[in-house]
Chemist: 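The structure is given below, and queries will be raised subsequently.
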Amino acid sequence: MRGYVTLPIVLVLAAVVYIYFTTVFVVIDGWLGLSTASGLANAAALTVLAIMALITYGMAVLKDPGRVPSAFAPDIEDDENAIHEIKRKGGDLRYCQKCSHYKPPRAHHCRICKRCVLRMDHHCVWINNCVGHENYKIFFVFVLYGVSACIHSLVLLIASACYELQKDQQQNGESFNKSYILCAALLCPLTVALSILLFWHIYLILHNKTTIEYHEGVRAMLLAEKVLGPNVVCWICPVSKHIGSGLRFRTSFDIPVPRPSA
């Protein structure tokens with residue numbers, strides 16, 4: 001059920017909170033000091049990234065990924081309305097037996113959500129929601145902010161750990177904080193996983209495909225549109241007013257063929 005708090009969501013929030021407080025109040029405070037300009041600057045930058053990651057994460061959890069209108073029906077007499085989905089097995093009209101309605105191009109039925117989702121990319125257990133037409137950009141921006149925050153925190157953790165180890169060797173002591181180990185155990189796999197996810201979706205955006213279309217081997221007949229918006233400045237903003245209805249996508253057949261000159 002979309003919007004419900006599940007165990008994976010609790011684990012994500014707990015990991016974010018622990019990593020943030022450990023980085024700020026153990027790593028930065030113990031290494032640079034929160035009263036210094038460099039310490040305050042790093043703490044402020046990490047706080048902004050963490051807040052934006054949490055906001056976009058919450059929006060990805062709560063926002064509907066895109067619902068097929070109950071009154072949707074393909075107009076087979078409209079030559080400008082693409083009703084076929086270009087796939088390796090042909091382009092017949094797509095009808096969902098479970099939902100009892102036609103499916104627009106790129107829409108798929110989610111067996112977990114038990115409904116069809118517009119331009120469905122995948123169902124993500126970590127947000128307890130599908131990633132689809134309406135929340136794809138928000139999901140992508142969340143991953144972007146998450147990777148940025150993780151990399152910033154990881155750099156601070158490594159630099160601080162090197163400083164602490166050098167200090168311990170000089171003092172012949174064993175004062176290395178165990179919080180570093182636990183934070184690193186959470187932060188390293190999280191950074192790797194989110195980075196792989198980010199580069200994967202960058203690849204999909206550049207090739208104008210969804211995860212489902214990639215695995216189904218859909219031919220690249222759909223034209224690449226600006227998924228993140230026409231304004232470059234707004235690419236990292238959690239807004240998606242530019243995306244259209246999700247019922248129709250331009251294909252290569254929509255490009256007018258130039259007539260040969262006489």
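One is the number of the first residue; the rest follow in order along the sequence.
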Chemist: Can you see which heavy atom on Ser153 is nearest to which on Leu187, and at what distance?
Modeler: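 That closest heavy-atom pairing would be OG-CD2, 3.4 Å.
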Chemist: Report the residues that fulfil side-chain contact (heavy atoms from CB on, under 4.5 Å) with Val16, sequence neighbours left out, ordered by chain and then residue number.
Modeler: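 Result, side-chain contact (heavy atoms from CB on, under 4.5 Å) vs Val16: Val12, Leu54.
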Chemist: For the pair Asp64 and Arg115, find out whether any cationic side-chain nitrogen is under 4.0 Å from an anionic carboxylate oxygen.
Modeler: yes
Chemist: Hey, could you give me the CD/NE2 distance between Gln97 and His109, rounded to the nearest 0.5 Å?
Modeler: 11.0 Å
Chemist: Mind listing the closest non-hydrogen atom pair of Asn208 and Glu213 along with its distance?
Modeler: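 Of all heavy-atom pairs spanning Asn208 and Glu213, the closest is O-OE1, 4.1 Å.
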Chemist: Would you say Asn42 and His152 make side-chain contact, with heavy atoms under 4.5 Å?
Modeler: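 Touching, per the 4.5 Å side-chain cut-off.
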Chemist: Kindly write out the residues that satisfy side chain to side chain donor-acceptor pair (under 3.5 Å) with Trp126, not counting sequence neighbours, or none if the list is empty.
Modeler: none
Chemist: Just checking, any donor-acceptor pair under 3.5 angstrom between side chains of Thr211 and Asp121?
Modeler: yes
Chemist: Restricting to non-hydrogen atoms, name the atom on Leu32 and the atom on Gly39 that form the minimum distance, rounded to 0.1 Å.
Modeler: CB-CA, 4.0 Å
Chemist: Kindly say whether Met52 contributes a backbone atom to a donor-acceptor pair with the side chain of Thr56 at under 3.5 angstrom?
Modeler: yes
Chemist: Nearest 0.5 Å, please: how far is CD1 in Ile138 from NZ in Lys63?
Modeler: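 Output value for this atom pair is 5.0 Å.
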Chemist: Taking C-beta and beyond as the side chain, do Pro65 and Glu134 meet within less than 4.5 Å on heavy atoms?
Modeler: no
Chemist: Can you measure from CE (Met120) to OG1 (Thr210) and round to the nearest 0.5 angstrom?
Modeler: 9.0 Å
Chemist: What distance do Lys137 atom NZ and Met59 atom CE have between them, rounded to the nearest 0.5 Å?
Modeler: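 Between Lys137 NZ and Met59 CE, I get 9.5 Å after rounding to 0.5 Å.
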Chemist: Kindly say whether Leu156 contributes a backbone atom to a donor-acceptor pair with the side chain of Ser160 at under 3.5 angstrom?
Modeler: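 Side chain of Ser160 to backbone of Leu156, a donor-acceptor pair under 3.5 Å: no, none is there.
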Chemist: If every non-hydrogen atom of Val68 is compared with every non-hydrogen atom of Tyr102, which pair is closest and at what distance?
Modeler: CG1-O, 4.0 Å
Chemist: Just jot down the side-chain contact (heavy atoms from CB on, under 4.5 Å) partners of Leu182, sequence neighbours excluded, or say none.
Modeler: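 side-chain contact (heavy atoms from CB on, under 4.5 Å) list for Leu182, sorted by chain: Tyr18.
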Chemist: State, yes or no, whether a side-chain contact exists between Thr191 and Ile151 at a heavy-atom distance under 4.5 Å.
Modeler: yes
Chemist: Using every non-hydrogen atom in the two residues, find where Cys188 and Leu154 come nearest and quote the distance to one decimal.
Modeler: SG-CD1, 3.9 Å
Chemist: Is the backbone of Asn129 close enough, under 3.5 Å, to the side chain of Asn135 for a donor and an acceptor to pair up by distance?
Modeler: no
Chemist: Is there a path of hydrophobic side-chain contacts, each under 4.5 Å between heavy atoms, that joins Val131 and Leu206?
Modeler: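 Same hydrophobic cluster.
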Chemist: Please tell me if the side chains of Tyr180 and Thr22 come closer than 4.5 Å, counting only heavy atoms from C-beta onward.
Modeler: no
Chemist: Hey, could you give me each pair passing side-chain hydrogen bond (donor to acceptor under 3.5 Å, both in side chains) that has a residue in residues 43-53? Not counting sequence neighbours.
Modeler: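 Every side-chain hydrogen bond (donor to acceptor under 3.5 Å, both in side chains) pair that includes a residue of residues 43-53, provided the two are not neighbours, is Tyr20-Thr47.
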Chemist: Only pairs at least two apart or in different chains count here, so list each side-chain hydrogen bond (donor to acceptor under 3.5 Å, both in side chains) that has a residue in residues 24-35.
Modeler: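 Pairs touching residues 24-35 that pass the test: none.
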Chemist: Identify, with sequence neighbours excluded, every residue that meets ring-ring contact (aromatic ring centres under 6.0 Å, His included) alongside Tyr203.
Modeler: Trp200, His207
Chemist: Determine, stepwise, if the pair Tyr136 / Ile205 fulfils side-chain contact (heavy atoms from CB on, under 4.5 Å).
Modeler: CA-CA 11 Å; Tyr136 182 84; Ile205 290 174; 3.7 Å; yes
Chemist: Does the side-chain contact (heavy atoms from CB on, under 4.5 Å) test come out yes or no for Phe142 and Ile55, once each step is laid out?
Modeler: CA-CA 8 Å; Phe142 153 67; Ile55 291 175; over 6 Å; no
Chemist: Can you get from Leu13 to Val24 by hopping between Ile, Leu, Val, Met, Phe, Trp and Tyr side chains that sit under 4.5 Å apart?
Modeler: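 Yes, it is one cluster - the side chains of Leu13 and Val24 are joined through contacts under 4.5 Å.
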Chemist: What distance do Leu197 atom CG and Phe139 atom CZ have between them, rounded to the nearest 0.5 Å?
Modeler: 4.5 Å
Chemist: Please name the pair of heavy atoms, one in Cys130 and one in Cys110, separated by the smallest distance, quoted to 0.1 Å.
Modeler: SG-SG, 3.3 Å
Chemist: Hey, any chance Val143 and Ile202 share a hydrophobic cluster, counting ILVMFWY side chains that come within less than 4.5 Å of each other, even indirectly?
Modeler: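 Yes, it is one cluster - the side chains of Val143 and Ile202 are joined through contacts under 4.5 Å.
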Chemist: Just jot down the side chain to side chain donor-acceptor pair (under 3.5 Å) partners of Ser179, sequence neighbours excluded, or say none.
Modeler: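 Ser179 satisfies side chain to side chain donor-acceptor pair (under 3.5 Å) with Asn177 once adjacent residues are dropped.
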Chemist: Can you find a heavy atom in the side chain of Val61 that is under 4.5 Å from one in the side chain of Asn128?
Modeler: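 Side-chain contact under 4.5 Å: no.
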Chemist: Which residues pass the side-chain contact (heavy atoms from CB on, under 4.5 Å) test with Leu40, not counting sequence neighbours?
Modeler: none
Chemist: For Leu190, which residues count as a side-chain contact (heavy atoms from CB on, under 4.5 Å) partner, sequence neighbours excluded?
Modeler: Ile19, Cys150, Leu194
Chemist: Taking ring-ring contact (aromatic ring centres under 6.0 Å, His included) as the definition, give me every residue that meets it alongside Phe21, ordered by chain and number, with sequence neighbours left out.
Modeler: Phe25
Chemist: With heavy-atom distances below 4.5 Å as the criterion, would you say the side chains of Lys103 and Tyr95 are in contact?
Modeler: no
Chemist: Checking His122 now: which residues fulfil side chain to side chain donor-acceptor pair (under 3.5 Å) with it, not counting sequence neighbours?
Modeler: none
Chemist: I'd like to check the side chain to side chain donor-acceptor pair (under 3.5 Å) partners of His101; sequence neighbours left out, ordered by chain and number.
Modeler: none
Chemist: Side-chain heavy atoms nearer than 4.5 Å, only ILVMFWY residues, links allowed to pass through others: does that put Val17 and Leu46 together?
Modeler: yes
Chemist: Check the hydrophobic clustering (I, L, V, M, F, W, Y; side-chain heavy atoms under 4.5 Å; chains of links allowed) and say if Ile28 and Val155 are grouped together.
Modeler: yes
